[in-house]
Amino acid sequence: MIGLTAALVGVAGTLSAPVLSQRLMARVQRDQFARQQQVEEAQWIRERHVAELDRRRDCYVSVNAVLRQYRTHLMKFLWLIHKGEVTPEAREVLEEARQAHHAAFAEAQMIASAPVLVELDGMTMALSETYRRTMCLEEGNPDPDGSFDEIRAEIRQLWRRWEGMRDVMRADLMVDTGR
């Protein structure tokens, strides 16, 4: 009887070993697959985050360059008004800088973070008001506080505002502002 029981246990063990081994192997493979999926998903998220930062950085670089050009051309145009040397070419250069600013701002509205958009909106409104006041001065119909010196001071103030906007952009890109 003992021999028969031992033989049955041995046969049962021999027959069940491949089934148990296959189930254990399947569980190990499922766990490995799940870990691999987690690693791939984490890598995909990191790559997406890096790509988004690159996209925002490129946008911010573009907006910064265009804002600087627009501000510079606005200041040059103001000086031409002051000296009485405004030409159609000077108007065209300023208008091109203004249109480039509008295009860069439109792109930034689709890409920039909310804090950066707040700064960009403020800067754009300030630039638009300065442009309006400059054109009124050029047309000979200045605002009561729209003299050359007052508009020049306003354009200089835009520079300080631009520095604050730049710091918000750098913070959004997780770059130390150094202040």
Side-chain angles (χ1 to χ4, degrees), residues 37-83 86-139 141-179:
Q37 289 293 93
Q38 288 174 341
V39 167
E40 287 175 3
E41 184 178 347
Q43 183 177 352
W44 180 78
I45 290 170
R46 275 191 304 276
E47 289 172 359
R48 195 175 80 199
H49 180 69
V50 167
E52 177 63 26
L53 281 175
D54 287 346
R55 186 172 167 221
R56 280 190 313 211
R57 185 194 66 237
D58 292 346
C59 175
Y60 296 168
V61 167
S62 174
V63 165
N64 269 308
V66 167
L67 280 172
R68 288 178 73 123
Q69 280 186 327
Y70 184 26
R71 182 190 158 276
T72 300
H73 288 299
L74 193 57
M75 181 63 95
K76 286 180 183 176
F77 193 77
L78 182 64
W79 276 104
L80 291 174
I81 293 169
H82 185 64
K83 295 188 311 187
V86 174
T87 63
E89 292 81 21
R91 276 190 199 92
E92 187 176 322
V93 167
L94 178 60
E95 188 58 29
E96 287 173 4
R98 186 170 169 256
Q99 292 305 318
H101 167 260
H102 289 317
F105 180 66
E107 179 184 1
Q109 286 178 315
M110 300 297 118
I111 296 172
S113 68
V116 171
L117 270 178
V118 168
E119 293 296 320
L120 279 171
D121 284 339
M123 178 62 99
T124 298
M125 289 189 324
L127 271 168
S128 293
E129 179 60 15
T130 303
Y131 174 82
R132 184 196 67 75
R133 290 164 47 89
T134 302
M135 291 298 113
C136 286
L137 180 66
E138 193 259 334
E139 292 167 357
N141 188 23
D143 289 351
D145 59 348
S147 71
F148 167 79
D149 289 327
E150 289 166 322
I151 296 173
R152 186 177 67 168
E154 196 173 303
I155 292 174
R156 285 185 177 159
Q157 181 61 33
L158 286 173
W159 184 257
R160 286 186 278 294
R161 184 175 197 144
W162 173 80
E163 288 173 339
M165 182 189 70
R166 183 195 61 201
D167 287 346
V168 171
M169 288 177 174
R170 290 175 58 87
D172 185 51
L173 295 173
M174 295 176 275
V175 176
D176 182 22
T177 59
R179 290 185 184 203

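Since we're looking at a predicted model, the values are computed, not measured.
- For residues 60-83, the set of pairs meeting the salt bridge (Lys or Arg N to Asp or Glu O under 4.0 Å) definition, not counting sequence neighbours, comprises Lys83-Glu85.
- Under the side chain to side chain contact (heavy atoms under 4.5 Å, CB included) criterion, Ala153 pairs with no residue at all, not counting sequence neighbours.
- Atom CD of Glu129 and atom OG1 of Thr124 lie 13.5 Å apart (nearest 0.5 Å).
- Residues that satisfy the side-chain hydrogen bond (donor to acceptor under 3.5 Å, both in side chains) test with Arg98, not counting sequence neighbours, are Glu95.
- Residues passing the side-chain hydrogen bond (donor to acceptor under 3.5 Å, both in side chains) test with Asp143, sequence neighbours excluded: Arg132.
- For the residue pair Ala108 and Leu117, the shortest heavy atom distance occurs at O-CD2, 4.0 Å.
- Residues in residues 147-158 take part in these salt bridge (Lys or Arg N to Asp or Glu O under 4.0 Å) pairs, two or more places apart or across chains: Arg133-Glu154, Asp149-Arg152.
- A 4.5 Å side-chain heavy-atom check between Tyr60 and Ile111 finds every atom pair outside the cut-off.
- Residues that satisfy the side chain to side chain contact (heavy atoms under 4.5 Å, CB included) test with Glu40, not counting sequence neighbours, are Gln36, Gln37.
- Here the side chain of Thr130 pairs a donor or acceptor atom with the backbone of Ala126 at under 3.5 angstrom.
- With rounding to the nearest 0.5 angstrom, the SG atom of Cys59 is 10.5 Å from the CZ atom of Phe105.
- Heavy atoms only, all atoms of each residue included: Leu137 and Gly146 are closest at CD1-O, 3.5 Å.
- Between the CZ atom of Arg91 and the CG atom of Leu94 there is a distance of 10.0 Å, given to the nearest 0.5 Å.
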Which donor-acceptor pairs under 3.5 Å do the side chains of residues 41-55 make with protein atoms, sequence neighbours left out?
from	atom 1	to	atom 2	distance (Å)
Gln43	NE2	Glu47	OE2	3.1
Asp54	OD1	Arg57	NH1	2.9

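- Note: Leu120 CG to Leu67 CG = 7.0 Å, rounded to the nearest 0.5 Å.
- Ser113 pairs by the side-chain hydrogen bond (donor to acceptor under 3.5 Å, both in side chains) definition with Asp172, not counting sequence neighbours.
- Glu119 pairs by the side chain to side chain contact (heavy atoms under 4.5 Å, CB included) definition with Met165, Val168, not counting sequence neighbours.
- Among residues at least two apart or in separate chains, there is no salt bridge (Lys or Arg N to Asp or Glu O under 4.0 Å) pair with a member in residues 101-116.
- Note that the CG atom of Leu127 and the CG atom of Leu74 stand 7.0 Å from one another [nearest 0.5 Å].
- With a 4.5 Å cut-off on side-chain heavy atoms, Met169 and Val63 count as touching.
- Distance CD1/Ile151 to OG1/Thr134: 4.5 Å, rounded to 0.5 Å.
- Listed by chain and number, the residues in a side chain to side chain contact (heavy atoms under 4.5 Å, CB included) with Asn141 amount to none (sequence neighbours excluded).
- Residue pairs meeting the ring-ring contact (aromatic ring centres under 6.0 Å, His included) criterion with at least one member in residues 61-83, sequence neighbours excluded: Tyr70-His101, Trp79-His82, Trp79-Phe148, His82-Phe148.
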